[in-house]
Amino acid sequence: MRLYIDPGTGSMLFTILIGVIGAAVYSLRMLFIKLRFKLSGGKVETGMKKTPFVIFSDDKRYWKIFEPVIREMSKRGKEVHYITNSADDPALEAAIPGFTAEHPETENKSFTKLNFLNASVLLSTTPGLDVYQWKRSKDVDFYVHIPHAPNEIVLYRMFGIDYYDAILVSGDYQKDDLRALEKMRGLPEKEIVKVGIPYMDEMAKRLEAEGPAPEHERTVLLAPSWGQSAILSVYGERIFEVLLKTGYHIIVRPHPQSFASEKELIERLMKKYPDSDRIEWNRDTDNFDVLRRSDILISDFSGVIFDFSLIYDKPVIYTDPKFDVSLYDAWWLKDSTLWTVSALPRIGRELKEENMEDLKGLIDSCLEDPRYAEGRRQVKEETWAYAGEGAVRVADYLINKYEEINKEKEGK
């Protein structure tokens, strides 16, 4: 008979274990320091080296978020240490002066390392600090969160960013939502700093260097997320049939997780609609080329919507995922309209059951109606502050914070 432990209980047990280990490690560390102090006649430092800057990434796909910041820090002669949960994270192969990276083998080992970390400033996109396995270390001075997409910061699981010391944002609506949450929950105010979006800056630079795609026939990119509310699960073969009727070239780029979690569905669709002169299936690791040569994007709740619309300046067709906010911070703001809900109609059209058969008309109107170009301009202004300056501003903040922390310590 096997013993089953549900995830919630497992997380609680892991937290208790970490607490016990932490207390033991701390006691042994203090004992070691006292012994060294006595043996050296009272002239010894603690011997525990504090790392100035640490970045934690729970997945390799966030390397694009951090790389521009790391390169900017390197230019300024700053050393940055990177901890990743992905064994194939590109960071592990990056040759950047002053930069080191490690993969602690397992997620539990990673969280254990983080929970006992000795650092001045830690930067991460990962929510859940001090909520689940990842606990604030007594020896980390300051925790900074940076979002991984230009949309709602309240679409994290509830309390996901409550225990960070600072949040770096790209739009005023994010700051307003954070302040509203703090007020509702009686939380102390965090530092909230508008810095822009470093990874979008880099993509925009690359697009400018490469230039527009060569002349081509009108091309539609179908790039859904995955799960029961995603386009392929909801519409299946029907959307392929309607797309083929448009006469346009179709690129299908499923979410990578679909090939694992929806294998049967993907295999069925790929067999029924194989690569041809009308349809191509795309699994490139780098999505730059496929986004550049597509004229319009059809997606659901994938983050690629804003990348495509704001960087490539092209329209989108989106579906309503009927998103349940009950588990998310947005639930606390249920009387307010989510910024994304207000932004989407300005950058494209919504695909519904009743207008599915007129998909060609939707595509043509999005590409030809000037109001969507104006909508993209407005949305970009609201969510992409300081375009082109993101990495510089993030580096400025981290370095200034490090200096401020050390100045305070010297004054004590």
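Here the structure is a predicted model, which means the values were calculated and not measured.
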Under 3.5 Å, is there a donor on one side chain and an acceptor on the other for Gln228 and Ser233?
no
Considering residues, nucleotides and ligands other than Lys334, do more than 12 of their heavy atoms fall under 6.0 Å from its NZ?
yes
Is it true that the NZ or CZ of Arg136 lies under 6.0 Å from the centre of Tyr163's six-membered ring and within 45 degrees of the ring axis?
no
Does a side-chain N-to-carboxylate-O contact under 4.0 Å join Glu202 and Lys64?
no
Taking only Lys NZ, Arg NE, NH1 and NH2, and the carboxylate oxygens of Asp or Glu, determine whether Lys407 and Glu410 approach each other closer than 4.0 Å.
no
Kindly state whether the ring of Tyr82 and the ring of Trp63 have centres lying under 6.0 angstrom apart.
yes
Applying salt bridge (Lys or Arg N to Asp or Glu O under 4.0 Å) to Asp165 and Lys190, what does each step give before you reach the verdict?
CA-CA 5 Å; Asp165 299 299; Lys190 304 173 188 62; over 6 Å; no
Side chains of Leu222 and Ile239: closer than 4.5 Å at any heavy-atom pair?
yes
Should Glu79 and Phe99 be marked as a side-chain contact (heavy atoms from CB on, under 4.5 Å) after you check the CA-CA gap, both sets of side-chain angles, and the distance that decides it?
CA-CA 6 Å; Glu79 295 183 356; Phe99 175 70; over 6 Å; no
Just by distance, no angles: are the side chains of Asp201 and Tyr386 close enough, under 3.5 Å, to form a donor-acceptor pair?
no
Is Arg268 reaching over with its side chain to a backbone N or O of Gly236, donor-acceptor style, under 3.5 angstrom?
no
Tyr328 vs Arg157, test: side-chain contact (heavy atoms from CB on, under 4.5 Å). Steps then yes/no.
CA-CA 4 Å; Tyr328 301 87; Arg157 288 282 179 143; 3.8 Å; yes
Once rounded to the nearest 0.5 Å, what's the spacing between atom OG1 of Thr51 and atom CG of Leu122?
10.0 Å
All salt bridge (charged side-chain N to carboxylate O under 4.0 Å, His left out) counterparts of Glu210, not counting sequence neighbours
none
Can we say Lys272 and Glu267 salt-bridge, meaning some charged N sits less than 4.0 Å from an Asp/Glu carboxylate O?
no
Take Glu241 and Tyr235 through the test side chain to side chain donor-acceptor pair (under 3.5 Å) and record every step on the way to the result.
CA-CA 10 Å; Glu241 295 296 334; Tyr235 294 113; over 6 Å; no
Between the side chain of Glu189 and the main-chain N/O of Glu182, is any donor-acceptor distance below 3.5 Å?
no
Just by modelled atom types, is the Asp396 backbone N or O under 3.5 Å from a matching donor or acceptor in the Asn400 side chain?
yes
Exam field: side chain Thr383 to backbone Lys380, donor-acceptor pair closer than 3.5 Å:
no
Note: Glu280-Arg293 ion pair, threshold 4.0 Å (strictly below)
yes
I'd like to know if Arg76 pairs up with Glu72 as an ion pair, taking the criterion as any Lys NZ or Arg NE/NH1/NH2 lying under 4.0 Å from an Asp or Glu carboxylate oxygen.
yes
For Glu389, check side-chain hydrogen bond (donor to acceptor under 3.5 Å, both in side chains) against everything at least two apart and list the hits.
Arg393
Could you tell me whether Glu381 and Arg377 have a side-chain N and a carboxylate O separated by less than 4.0 Å?
yes
So, Asn118 and Lys50: side-chain donor and acceptor under 3.5 Å apart, yes or no?
yes
side-chain contact (heavy atoms from CB on, under 4.5 Å) between Val220 and Asp295, worked out
CA-CA 6 Å; Val220 180; Asp295 298 302; over 6 Å; no
Of the options Asp89, Thr84, Asp88, which is the one that meets Lys60 in a side chain to side chain donor-acceptor pair (under 3.5 Å)?
Asp88
Does some side-chain heavy atom of Tyr143 sit less than 4.5 Å from a side-chain heavy atom of Ser137?
yes
Nearest 0.5 Å, what's the CZ-CD1 distance between Phe306 and Ile197?
10.0 Å
Out of Val140, Asp141, Asp139, Leu398, which residue meets the side-chain contact (heavy atoms from CB on, under 4.5 Å) rule with Ser120?
Asp141
Applying side-chain hydrogen bond (donor to acceptor under 3.5 Å, both in side chains) to Asp358 and not counting sequence neighbours gives none
Exceeds 12 heavy-atom contacts within 6.0 angstrom, atom CD of Glu105:
no
Do Gln378 and Glu374 have side-chain N/O donor and acceptor atoms under 3.5 Å apart?
yes
Mind checking what makes salt bridge (charged side-chain N to carboxylate O under 4.0 Å, His left out) contact with Glu353, not counting sequence neighbours?
Arg238
Does Asp172 come within less than 4.0 Å of Lys194, counting only side-chain N to carboxylate O?
yes
Answer yes or no: is there an ion pair linking Glu67 with Arg71, defined by an N-O contact shorter than 4.0 Å?
yes
Aromatic ring centroids of Phe240 and Trp281 under 6.0 Å?
yes
Decide yes or no on side chain to side chain donor-acceptor pair (under 3.5 Å) for Tyr62 and Ser86, but give the supporting numbers first.
CA-CA 10 Å; Tyr62 300 129; Ser86 294; over 6 Å; no
Ring centroid separation for Tyr156 and Trp332, is it under 6.0 angstrom?
no
Side chain to side chain donor-acceptor pair (under 3.5 Å) between Thr219 and His249: does it pass, once the steps are laid out?
CA-CA 5 Å; Thr219 300; His249 184 69; 5.4 Å; no
Aromatic rings His255 and Trp226: how do their planes relate, parallel, tilted or perpendicular, breaks at 30° and 60°?
tilted
Donor + acceptor pair across side chains of Ser365, Arg349 (<3.5 Å)
yes
Where the side chain of Ser74 meets the backbone of Pro97, is there a donor-acceptor pair that is under 3.5 Å apart?
yes
Should the ring pair Trp134 and Phe56 be called parallel, tilted or perpendicular, given that the plane angle runs from 0 to 90° and is split at 30 and 60?
perpendicular
From Arg179 CZ over to Leu187 CG, what is the distance, rounded to the nearest 0.5 angstrom?
11.0 Å
Take Ser57 and Phe66 through the test side-chain contact (heavy atoms from CB on, under 4.5 Å) and record every step on the way to the result.
CA-CA 9 Å; Ser57 177; Phe66 298 118; 3.8 Å; yes
Residues which pass ring pair (Phe, Tyr, Trp, His ring centres under 6.0 Å) with Tyr164, listed by chain and number, not counting sequence neighbours:
His145
Is the count of non-hydrogen atoms from other residues, nucleotides or ligands lying under 6.0 Å from Asp289 atom CG greater than 12?
yes
With a 3.5 Å distance limit and no angle check, can you tell me whether Ser299 reaches the backbone of Ala223 through a side-chain donor-acceptor pair?
yes
Please assess Glu368 against Arg218 for the test salt bridge (Lys or Arg N to Asp or Glu O under 4.0 Å), listing each intermediate value before the final yes or no.
CA-CA 12 Å; Glu368 296 161 13; Arg218 184 163 284 184; 3.5 Å; yes
Result of checking Asn85, Asp58, Asp59 against Thr126 for side chain to side chain donor-acceptor pair (under 3.5 Å)
Asp58
Is there any side-chain hydrogen bond (donor to acceptor under 3.5 Å, both in side chains) pair reaching into residues 308-317, and which pairs are they, with sequence neighbours excluded?
Asp313-Arg376
